[in-house]
Amino acid sequence: MWRKSVILLGLSLLVACSSIPKDWSGMSSTEIASWKEAGFDSRSAQQWHVAGFDASSAGAWQDAGFKLD
């Protein structure tokens, strides 16, 4: 059961990652400025955003050495 859950989670991440825009699509100019200020490029900002983070919390986690993987 555990293995199936891990496999399903991995597959869902692959599907989610394939639908992430590579530009700033869907973000306001204020959001874009926040992500840039936190040190993110458009692709990584979109990945963190899709995972449910805002720019400041994503920046804090990244500064602490965490990655989405």
Qualifying residues under side-chain hydrogen bond (donor to acceptor under 3.5 Å, both in side chains), relative to S25, sequence neighbours excluded: D23
Give every donor-acceptor pair under 3.5 Å between a side-chain atom in residues 34-41 and any protein atom, sequence neighbours left out.
| residue | atom | partner | partner atom | Å |
| --- | --- | --- | --- | --- |
| S34 | OG | T30 | O | 3.1 |
| D41 | OD1 | R43 | N | 3.4 |
| D41 | OD1 | S44 | N | 2.8 |
| D41 | OD1 | S44 | OG | 2.7 |

Rounded to the nearest 0.5 Å, the NE2 atom of H49 sits from the CD atom of E31 at a distance of 5.5 Å
Which pairs of donor and acceptor atoms, one on a side chain in residues 57-69, lie under 3.5 Å apart (sequence neighbours left out)?
| residue | atom | partner | partner atom | Å |
| --- | --- | --- | --- | --- |
| S57 | OG | D54 | N | 3.4 |
| S57 | OG | D54 | O | 3.3 |
| S57 | OG | D54 | OD1 | 2.6 |

